[in-house]
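Notes follow once the structure below has been shown.
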Amino acid sequence: MQTANEPWRAVYRDLRKDIDEGALRPGDALPTIAALSARTGLNAYAARRVMERLRDEGRVLSRQGRGFQVAAPRVPYRVGQRPRFTSAMTAQGFAVSTDFVAAGRWRLSDAMARRIGAPRRPAHLSAQMLRRLDGKPVALTRVIFPPNHTEGVLDALFATKSVTEALRAVGVADFERTHTEVSGRLPTASEAQTLDIARSDPVIVTTGISVDTNAPKTVVELNETIWRVDGVRLTF
């Protein structure tokens with residue numbers, strides 16, 4: 001059973017304090033596992049726990065062949081009833097850009113289909129987008145539109161790069177999120193490459209369901225977003 005007095009916790013707190021107070025700045029190199037072990041007297045397992053804890057919190061980056069370094073502060077983003085990524089990030093002074101990774105038709109998972117009361121078939125219109133802040137990739141989002149939408153919703157999405165504007169173009173004046181789930185995992189090889197992270201860097205996954213504000217039982221959009229842990233600090 002772990003106790004609060006385990007030696008690795010004290011080392012972790014000291015490094016966390018140095019990062020949070022600016023003694024260690026974004027981009028600064030951190031010791032390797034072997035160097036941290038030699039410097040603190042921790043065994044290799046305990047030293048690895050220190051660095052992995054800081055990495056999982058988004059304070060530290062690990063890059064294959066480049067070791068550990070201090071991460072840049074994460075950008076706060078509220079995933080609430082009215083999530084609007086572009087406007088929220090622009091308001092904080094960031095340049096937001098969107099690249100389309102894929103588009104076409106997507107079959108819902110059985111769990112998602114049950115949740116919204118829709119058949120898994122037919123396939124739903126879908127687009128996958130990479131969101132960047134000041135050029136840095138931070139989120140990979142798959143947007144799924146139910147079958148009641150026409151192909152025109154994808155055309156509008158490509159033109160505006162905005163889910164809000166795309167839905168407005170097909171007659172949905174406003175929408176709100178009614179359901180959000182959050183989980184964590186390691187990225188797939190494709191996700192890691194697209195987000196420019198290591199396969200060992202954890203990601204946060206949010207799954208959301210949005211409905212028409214004027215017709216609350218009508219689902220107008222579903223999405224799954226894979227977030228870089230070091231990019232955005234999610235609040236709810």
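Fair warning: this is a prediction, and the values are worked out from it, not measured in the lab.
- Taking the side chain as every heavy atom from C-beta outward, Pro7 and Val11 never approach each other to under 4.5 Å.
- Rounded to the nearest 0.5 Å, atoms CD (Glu191) and CZ (Arg199) are 9.0 Å apart.
- Interatomic distance, CG of Asn223 versus OG1 of Thr180, reported as 8.0 Å (0.5 Å rounding).
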**Report entry** Worked verdict on Arg105 versus Leu125 for side chain to side chain contact (heavy atoms under 4.5 Å, CB included)
**Finding:** CA-CA 5 Å; Arg105 290 187 173 271; Leu125 296 172; 3.6 Å; yes
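- How far CD1 of Ile204 is from CZ of Arg233: 11.0 Å, rounded to the nearest 0.5 Å.
- The pair Arg84-Asp174 meets the salt-bridge criterion, with a side-chain N (NZ, NE, NH1 or NH2) lying under 4.0 Å from an Asp/Glu carboxylate O.
- With hydrophobic clusters built from ILVMFWY side chains whose heavy atoms lie under 4.5 angstrom apart, Val138 does not share a cluster with Val203.
- A donor-acceptor contact shorter than 3.5 Å is absent between the side chain of Arg131 and the backbone of Thr141.
- Contact detail for Leu195 and Pro137: the closest heavy-atom pair is O-CG, 3.5 Å.
- With contacts defined as side-chain heavy-atom distances shorter than 4.5 Å, the pair Glu176/Pro216 does not qualify.
- In terms of heavy atoms, Ala71 sits closest to Leu61 at CB-CG, 3.7 Å.
- Linking ILVMFWY side-chain heavy atoms closer than 4.5 Å, directly or via other members, places Met129 and Val96 in two distinct hydrophobic clusters.
- The side-chain heavy atoms of Leu30 and Leu24, taken from C-beta on, include a pair separated by under 4.5 Å.
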task = Could you walk me through whether Trp8 and Thr40 pass side chain to side chain contact (heavy atoms under 4.5 Å, CB included), step by step?
result = CA-CA 9 Å; Trp8 76 268; Thr40 62; over 6 Å; no
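- Tracing side-chain contacts under 4.5 Å through hydrophobic residues (I, L, V, M, F, W, Y), one reaches Phe158 starting from Val170; they form part of the same cluster.
- Residue Gln193 places its CD atom among 12 or fewer non-hydrogen atoms of other residues, nucleotides or ligands, all under 6.0 Å distant.
- Remark: the backbone N or O of Leu234 is not paired with any side-chain donor or acceptor of Arg74 at under 3.5 angstrom.
- Of all heavy-atom pairs between Ser126 and Ile144, the closest is OG-CG1, 4.2 Å.
- For CZ of Arg142, the number of neighbouring non-hydrogen atoms (other residues, nucleotides, ligands) closer than 6.0 Å is greater than 12.
- Judged by distance alone, with hydrogens and angles left aside, the side-chain atoms of Arg78 form a donor-acceptor pair with the main-chain N or O of Phe236 at under 3.5 Å.
- Counting heavy atoms from C-beta on, the side chains of Arg185 and Ile226 come closer than 4.5 Å.
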Verdict with supporting geometry, Leu15 and Arg59, side chain to side chain contact (heavy atoms under 4.5 Å, CB included) = CA-CA 10 Å; Leu15 274 175; Arg59 290 181 167 89; over 6 Å; no
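- Of the charged side-chain nitrogens involved, at least one lies within less than 4.0 Å of a carboxylate oxygen, so that Arg168 and Glu165 count as a salt-bridged pair.
- Taking every heavy atom of both residues into account, Val232 and Tyr77 meet most closely at CG1-CB, 3.5 Å.
- Counting only heavy atoms from C-beta outward, the side chains of Arg53 and Arg16 never approach each other to under 4.5 Å.
- Under the 4.5 Å side-chain contact rule for hydrophobic residues, Val79 and Leu133 share a cluster.
- Between Arg82 and Thr164 there is no side-chain heavy-atom pair separated by less than 4.5 Å.
- Looking at heavy atoms from C-beta onward, Val163 lies out of side-chain contact with Phe85 at the 4.5 angstrom threshold.
- In summary, Asp230 and Lys136 engage in a salt bridge, as defined by a charged side-chain N under 4.0 Å from a carboxylate O.
- Expressed to the nearest 0.5 Å, how far CG of Asp212 lies from NZ of Lys217 amounts to 14.0 Å.
- Rounded to the nearest 0.5 Å, atoms CZ (Arg48) and OG (Ser37) are 10.5 Å apart.
- Between Ile33 and Phe68 the shortest side-chain heavy-atom distance falls below 4.5 Å.
- For the pair Asp201 and Pro187, the tightest heavy-atom approach, listed with the atom from each and the gap, is O-CD, 2.9 Å.
- In terms of heavy atoms, Ile19 sits closest to Val60 at CD1-CG2, 3.9 Å.
- There is a path of hydrophobic side-chain contacts, each under 4.5 Å, that joins Val153 to Phe100.
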Audit row: Trp106, Glu224, side chain to side chain contact (heavy atoms under 4.5 Å, CB included) steps and yes/no
CA-CA 12 Å; Trp106 182 261; Glu224 179 186 69; over 6 Å; no
